[in-house]
Amino acid sequence: CTLAETVFARPESLADVTTHYCPGCTHGLIHRLVAEVIDELGVRERTVGIAPVGCSVLAYDYFNVDFHEAAHGRAPAVATGIKRARPDLIVFAYQGDGDLASIGMAEIIHCANRGEKITVVFVNNAIYGMTGGQMAPTTMPGQVATTCQLGRDVDSAGHPIRIAEMMATLRTPAFVARATVHNPLVSVHAKEMLRRAFTYQVEGTWFSLVEVLSTCPTNWGIPPVEALAWLEKNMLPYYPVGIFKTPEGGSREPKPLVD
C-alpha cells in the first residue's frame, strides 16, 4: 500500500493551539490565510506581528512568528518603529474595527500618509467584540448594539466609516483593498489580496492595507450560519470588495465576487 499524500495541513506560521474565538467567528480563518501567505513567501523567520486590543488581542499566542502587543489603537505606531529600526523585517499589524477605526484612527491615517512600508490586516465585523458588543465606527445603519438598542441612528451617530475608501484618497502610493471570508470562494480572493499586500513589503516598496469583512455571531446575536448570510446581505452592499488603490496610481471599481 502507499501512504496518502497530505494536501492540507496547519501552516508553519500558525501555532498548534486552540484559539479562544467564539463559534462562527472568522478571525481564525483570517489568521490561517495570513499564515499561509507568510509561509508561501518564505519570510516566517523575519516576520513580526503587532497584536491589537480587541478580540484578537491574543494573536501573539496563535501565530508562530515574533509578536509585539500594542496599546489600544497604536499598532501602526509600534509597527512603524520596528520597521524603521529594522527595515529587513516583515512587519504587519492585525487590527479590528474598534482598534483601528476608532481610537486608532489617527495612527492608521498618518502611518499610511507617510507611506510606512508595513502591512495592515484590518478586520471589520461592524461591532466591538471583546468589550461586549458596543456600536463601532463601522456598525451598519439600523444595526442593534448594546449602546444603540434601537439600532444605529445615522442622524445622531453618523454613517459607518468606509476605511478602505477613505485611505484610497491619500496621495501617498499604497495598496488598499477590501475582501471578505464569508464563503470558501471569496476566501480564496482574500488570500490573494493578502499575498499582494505582503509581497509589496517583501519587495521593500509600499504601505499596504487589506480590510477583511468578518462575522461576529455572538455580538450580532444570531447563529454562525445566519451570520454569514447577514454579512453578505447587509455589509457587502455598503462595504464592496475590491482594489481601491494601487502603488502605480491605478485602481478598479470594486465589484461583488458573487452574483
Sub-4.5 Å side-chain heavy-atom contact between I90 and R44 | no
State plainly whether one hydrophobic cluster holds both I161 and V120, where clusters connect Ile, Leu, Val, Met, Phe, Trp and Tyr through side-chain heavy atoms under 4.5 angstrom apart.
-> yes
Name all residues meeting the ring pair (Phe, Tyr, Trp, His ring centres under 6.0 Å) criterion together with Y239; count only those two or more places apart in sequence or in a different chain, and write none if there are none.
-> none
Considering only distance and modelled atom types, tabulate donor-acceptor pairs under 3.5 Å from the side chains of residues 53-72, sequence neighbours left out.
residue : atom : partner : partner atom : Å
Y62     : OH   : H20     : N            : 3.0
Y62     : OH   : H20     : ND1          : 2.6
N64     : ND2  : E12     : O            : 2.9

Among pairs that include at least one residue of residues 144-159, which meet side chain to side chain donor-acceptor pair (under 3.5 Å), considering only residues two or more places apart or in two chains?
-> none
Please say whether the positively charged group of R178, taken as NZ for Lys or CZ for Arg, lies over the ring of Y238, i.e. under 6.0 angstrom from the six-membered ring centre and within 45 degrees of the axis.
-> no
Could you label the plane-to-plane angle of the Y21 and H31 rings as parallel, tilted or perpendicular, counting under 30° as parallel and over 60° as perpendicular?
-> perpendicular
Carboxylate-amine/guanidinium contact R32 E36, below 4.0 Å = yes
Test item: Q201 and V91 side chains (from C-beta on) under 4.5 Å apart, heavy atoms | yes
Sequence neighbours excluded, every pair satisfying ring-ring contact (aromatic ring centres under 6.0 Å, His included) that has a member inside residues 109-153 | none
Shortest non-hydrogen contact from Q143 toward T139 | OE1-CG2, 3.5 Å
By salt bridge (Lys or Arg N to Asp or Glu O under 4.0 Å) - contacts of R46 (at least two apart) = none
Residues in salt bridge (Lys or Arg N to Asp or Glu O under 4.0 Å) with E226, at least two apart?
-> none
